[in-house]
Structures are given as C-alpha cells and as structure tokens.
Student: 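Handing you this structure, nothing more for now.
Sequential numbering from 1 along the given sequence is applied to the chain's residues.
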Amino acid sequence: VKAADEKETGITLHEVNEKYDEGKIIFQAKCEVLPEDTPESIAKKVQALEHAHYPVEIERWIDL
C-alpha cells in the first residue's frame with residue numbers, strides 16, 4: 001500500500017468459495033493513507049478496522 005502510494009486501504013469481508021478472495025462481498029470498510037504513514041501505521045489502521053467490524057459483521061451474519 002505504501003510502496004504503491006495508495007491514498008486509501010481497508011478490509012473486505014466476503015464469503016469463502018473455491019477461489020481465493022473471490023467470494024460474495026459481505027462488508028467493506030476503508031481508511032485514509034496519509035503521506036506520513038509508515039507500513040506499520042497503515043497496518044495498525046487496518047487492524048483497527050478489523051477489530052471494530054469483524055465481531056459486528058460476524059454476529060450479523062450469524063443472525064441472518
């Protein structure tokens with residue numbers, strides 16, 4: 001993400017199928033990548049998204 005000079009990154013939760021990362025998308029969230037961000041700070045931002053959204057979306061999925 002940093003090396004590619006991306007302006008944002010994030011997470012995608014999707015159904016699992018026989019192809020890697022090609023299942024139906026369940027949820028997405030993104031965060032801004034700032035010029036001063038490092039790979040480590042970007043990883044922390046993504047991890048914060050995971051911690052905030054995984055439990056909520058898993059519970060929602062279970063309740064369907």
Side-chain angles (χ1 to χ4, degrees):
V1 171
K2 181 69 175 177
D5 199 31
E6 297 290 340
K7 304 299 182 217
E8 62 185 21
T9 190
I11 61 170
T12 300
L13 307 179
H14 56 83
E15 293 179 2
V16 176
N17 65 14
E18 61 280 346
K19 296 183 180 178
Y20 183 75
D21 276 353
E22 291 189 12
K24 177 183 168 190
I25 293 174
I26 298 167
F27 176 83
Q28 291 183 305
K30 61 184 176 181
C31 60
E32 185 177 15
V33 177
L34 302 173
E36 62 269 18
D37 276 327
T38 64
E40 294 77 17
S41 67
I42 295 167
K44 286 181 182 179
K45 288 181 179 186
V46 171
Q47 188 176 44
L49 290 174
E50 292 170 343
H51 289 184
H53 296 288
Y54 269 77
V56 172
E57 293 305 317
I58 290 170
E59 283 294 325
R60 189 181 67 76
W61 181 254
I62 290 170
D63 290 341
L64 288 180

Student: May I have the step-by-step check of side chain to side chain contact (heavy atoms under 4.5 Å, CB included) for Asp37 and Glu32, ending in yes or no?
Tutor: CA-CA 10 Å; Asp37 276 327; Glu32 185 177 15; over 6 Å; no
Student: How many angstroms lie between CH2 in Trp61 and OH in Tyr54, if you round to the nearest 0.5 Å?
Tutor: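 Those atoms lie 14.0 Å apart.
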Student: Treating Lys2 as the side-chain partner and Pro35 as the backbone partner, does any N or O pair qualify as donor plus acceptor under 3.5 Å?
Tutor: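 Indeed, once roles are kept as given, a pair shorter than 3.5 Å links the two residues.
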Student: How long is the gap from CD on Gln28 to NE2 on His53, to the nearest 0.5 Å?
Tutor: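 Output value for this atom pair is 11.5 Å.
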Student: CD/Glu22 to NE2/His14 distance, rounded to the nearest 0.5 angstrom?
Tutor: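 One finds 9.0 Å between CD of Glu22 and NE2 of His14.
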Student: Taking Ile62 as the starting point, is it possible to reach Phe27 by hopping between hydrophobic residues whose side chains are less than 4.5 Å apart?
Tutor: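 Same cluster.
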Student: Flag the pair Lys7 / Asp5 as yes when at least one side-chain heavy-atom distance between them is below 4.5 Å, and no otherwise.
Tutor: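 The answer is yes; the side chains approach within 4.5 Å.
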Student: Got a second to check how far Thr12's OG1 is from Lys30's NZ, nearest 0.5 Å?
Tutor: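 Separation between the atoms: 11.0 Å.
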Student: Return the minimal non-hydrogen interatomic distance between Glu57 and Leu13, and the atom names on each side.
Tutor: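 Between these two residues, the closest heavy atoms are CB-CD1, 3.6 Å.
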Student: Taking atom OG1 of Thr9 and atom CG of Leu49, what is their separation to the nearest 0.5 Å?
Tutor: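 Separation between the atoms: 8.5 Å.
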Student: Contact between Pro55 and Ile58 at the side-chain level, heavy atoms closer than 4.5 Å - yes or no?
Tutor: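 In short, these two side chains do not touch, never coming nearer than 4.5 Å.
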Student: Can you tell me how far apart CD (Glu6) and CD (Glu8) are? Round to the nearest 0.5 Å.
Tutor: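 Glu6 atom CD to Glu8 atom CD measures 8.5 Å (nearest 0.5 Å).
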